[in-house]
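In what follows, chains are A, B, ... by sequence order, proteins preceding strands, each numbered from 1.
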Amino acid sequence: MGRQVTARKRRRLEQAVPAVAQPAIARPLLRWYARAKRDLPWRGTADPYRVWVSEIMLQQTQVERVRGYFARFLEWFPTVHDLAAAREHDVLRRWEGLGYYRRARQLHAAARRIVADHDGEFPRTVAELMALPGIGRYTAGAIASIAFDMPAPIVEANSRRVFARLVGHDRPLGGAAGDAPIWEVAERLVPTRGAGRFNQAVMDLGAMICTPDRPLCARCPLANVCVAHATCRVDEIPVKAPRRRSRQMHETAVVMRHGGHVLVERRGPGQWWEGLWDFPRDAAATGRKLGAVRYTVTHHQIECVVRERSAARRSPSTDKRRWVTVAGLATLAMTAPGRRIAALLKQSSSI
DNA sequence: AATTCGGGGCT
DNA sequence: AGCCCAGAATT
């Protein structure tokens with residue numbers, strides 16, 4: 001009997017949310033936000049450059065990871081002009097360890113375009129922002145709302161979960177089709193003024209209250225209008241899409257040595273970690289085994305055996321190959337496995 | 001519509 | 001070992 005009542009109640013609530021809409025949600029949410037918001041280094045300013053850099057860094061990257069990078073990056077590149085004037089390799093160096101290095105290259109390219117085409121002024125509309133490399137619908141909405149107070153909606157990991165629970169959306173999320181209903185909810189709820197605060201409030205709610213596991217509904221300012229809460233389906237929403245299983249891979253890295261120097265190569269276009277340095281890979285390599293490095297890239301699990309050999313001579317350096325001292329590796333932007341191989345090197349030489 | 005990009009932290 | 005994360009671009 002409870003089933004039917006629940007289903008009817010669910011339908012009623014699903015229709016109620018868009019109708020109740022803005023004030024009933026924004027008011028308690030913003031009151032909560034004023035009291036509980038996170039203290040984050042990129043807040044407290046509407047400087048579009050800082051908002052932009054933070055949003056790019058935050059793509060698929062947890063807030064706590066970005067904290068340290070953000071301040072250092074801004075010391076190196078305080079304005080969009082500094083970033084535009086920098087060399088790509090120096091930008092990649094300051095990005096090393098954050099992952100998704102395409103973001104850094106596109107950030108750099110976009111900075112140059114903002115300086116060249118927009119005279120250093122950021123575009124203010126979602127459409128213009130999306131025309132810049134590395135800026136999709138989410139990032140454009142975030143910059144437009146936070147830096148320029150435009151009524152632009154956003155959907156990302158937190159708001160996706162918050163909105164799905166709020167309206168009781170129980171279909172698999174992700175992708176253009178899966179997220180489309182969530183974007184509709186976001187569009188309906190974003191206020192015409194103070195959209196930036198609203199968007200950040202939704203994200204903070206998702207990060208602190210409406211968490212993936214064991215959300216703190218007892219402390220949620222929206223609990224009384226939340227369909228998932230009312231129908232006891234908080235644990236079932238959002239519905240997770242099935243995940244791909246990972247593939248195993250094997251490779252051999254070679255440490256070529258000559259007179260205190262080692263050989264490194266720069267990853268080219270189409271390769272993982274484009275623009276970053278690493279030790280050469282050679283499946284047929286022979287030589288003394290130094291150890292192994294295991295790492296994961298998205299859904300690939302790679303076991304990398306590390307061998308060392310001595311070279312008869314040092315080939316001339318190019319922009320793709322270079323002989324450097326072990327100490328000199330510190331000045332290069334390196335891949336994560338490359339950095340770990342370098343650590344292996346120091347370890348073995350100190351023994 | 002499906003894949004491909006990193007990497008660390010947490011359970 | 002699996003899951004998660006202030007997504008975007010490419011095919």
Visitor: I need the CD1-P distance between A:I56 and C:dA8, as an integer number of Å.
Guide: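 Taking CD1 of A:I56 and P of C:dA8, I get 8 Å after rounding.
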Visitor: Show your working on salt bridge (Lys or Arg N to Asp or Glu O under 4.0 Å) between A:D204 and A:R43 and close with a plain yes or no.
Guide: CA-CA 12 Å; A:D204 274 18; A:R43 287 189 174 163; 2.9 Å; yes
Visitor: Mapping A:Q106 and A:S54 to their closest nucleotides on DNA chain C, which lands nearer the 5' end?
Guide: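 Between the two, 5'-proximity favours A:S54.
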Visitor: Can you tell me how far P of C:dA6 sits from CD of A:Q200, to the nearest Å?
Guide: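 Rounded to whole Å, this separation is 13 Å.
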Visitor: Which part of the nucleic acid does A:I143 contact within heavy-atom distance under 4.0 Å: base, sugar-phosphate only, or nothing?
Guide: nothing
Visitor: What nucleic acid atoms does A:R38 come within less than 4.0 Å of, heavy atoms only: base, sugar-phosphate, or nothing?
Guide: base
Visitor: Just to confirm, is there a sub-4.0 Å distance from OP1 or OP2 of B:dT3 to any side-chain nitrogen or oxygen of A:H299?
Guide: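 No, no such contact exists.
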Visitor: Closest nucleotide of DNA chain B for A:A177 versus for A:H300: which of these residues is on the 5' side?
Guide: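 Residue closer to the 5' terminus by nearest nucleotide: A:A177.
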Visitor: When every nucleotide of nucleotides 6-11 of chain B is labelled 5' to 3' by its protein contacts under 4.0 Å (heavy atoms), B for base, S for sugar-phosphate only, - for none, what sequence of letters results?
Guide: BBB---
Visitor: Over how many whole Å does the gap from A:R247 atom CZ to B:dC5 atom C1' extend?
Guide: 13 Å
Visitor: At under 4.0 Å between heavy atoms, what does A:G134 touch on the DNA or RNA strands: base, sugar-phosphate, or nothing?
Guide: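 Sugar-phosphate contact only - A:G134 comes under 4.0 Å of backbone atoms but never of a base.
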Visitor: Quick one: A:L129 CG to C:dA6 P, roughly how many Å, whole number?
Guide: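 For the pair A:L129 CG and C:dA6 P, the rounded distance is 21 Å.
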Visitor: Check the distance between B:dT4's P and A:I302's CD1 and give it to me in whole angstrom.
Guide: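 The distance from CD1 of A:I302 to P of B:dT4 comes to 12 Å, rounded to the nearest Å.
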Visitor: A:T139 versus A:L129: any side-chain heavy-atom pair under 4.5 Å?
Guide: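 They are not in contact (no side-chain heavy atoms under 4.5 Å apart), so the answer is no.
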Visitor: Using the P atom in both, what is the distance from B:dG9 to C:dA8, to the nearest Å?
Guide: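 To the nearest whole Å, 24 Å.
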Visitor: Tell me what A:W95 touches on the nucleic acid: a base, only sugar-phosphate, or nothing, going by heavy atoms under 4.0 Å.
Guide: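 The residue A:W95 makes no contact with any strand.
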Visitor: Take atom OH of A:Y69 and atom C1' of C:dC5, then tell me their distance rounded to the nearest Å.
Guide: 15 Å
Visitor: What nucleic acid atoms does A:A176 come within less than 4.0 Å of, heavy atoms only: base, sugar-phosphate, or nothing?
Guide: nothing
Visitor: Quick one: do A:E128 and A:R113 make a salt bridge, cutoff under 4.0 Å?
Guide: no
Visitor: Please measure how far the P atom in C:dT11 lies from the corresponding atom in B:dG6, and state the result in whole Å.
Guide: 15 Å
Visitor: Need one value for A:V63: base, sugar-phosphate or nothing, where a base atom within 4.0 Å counts as base even if backbone is also close, heavy atoms only.
Guide: sugar-phosphate
Visitor: Which heavy atom of A:Y49 sits nearest a heavy atom of A:L74, and at what distance?
Guide: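 Scanning both residues, the minimum pair turns out to be CE2-CD2, 3.3 Å.
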Visitor: In whole Å, what separates the P atom of B:dT4 from that of C:dA6?
Guide: 24 Å
Visitor: Please report the distance, rounded to the nearest Å, between CZ in A:R137 and P in C:dA8.
Guide: 11 Å
Visitor: What is the separation between atom CZ on A:R67 and atom C1' on C:dA6, rounded to the nearest whole Å?
Guide: 13 Å
Visitor: Set out, in order, the CA-CA distance, both residues' side-chain angles and the distance that settles salt bridge (Lys or Arg N to Asp or Glu O under 4.0 Å) for A:R266 and A:E274, then state yes or no.
Guide: CA-CA 8 Å; A:R266 200 155 67 102; A:E274 179 184 343; over 6 Å; no
Visitor: For A:T61 and A:R103, does a side-chain donor sit closer than 3.5 Å to a side-chain acceptor?
Guide: yes
Visitor: Taking atom C1' in both B:dG8 and C:dA9, compute the distance separating them and give it to the nearest angstrom.
Guide: 24 Å
Visitor: Measure up the A:W272 and A:H300 rings against each other and bin them: parallel (under 30°), tilted (30 to 60°), perpendicular (over 60°).
Guide: tilted
Visitor: Verify whether the ring centers belonging to A:W95 and A:H89 lie closer than 6.0 Å.
Guide: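 Here the rings of A:H89 and A:W95 have centres that are no less than 6.0 Å from each other.
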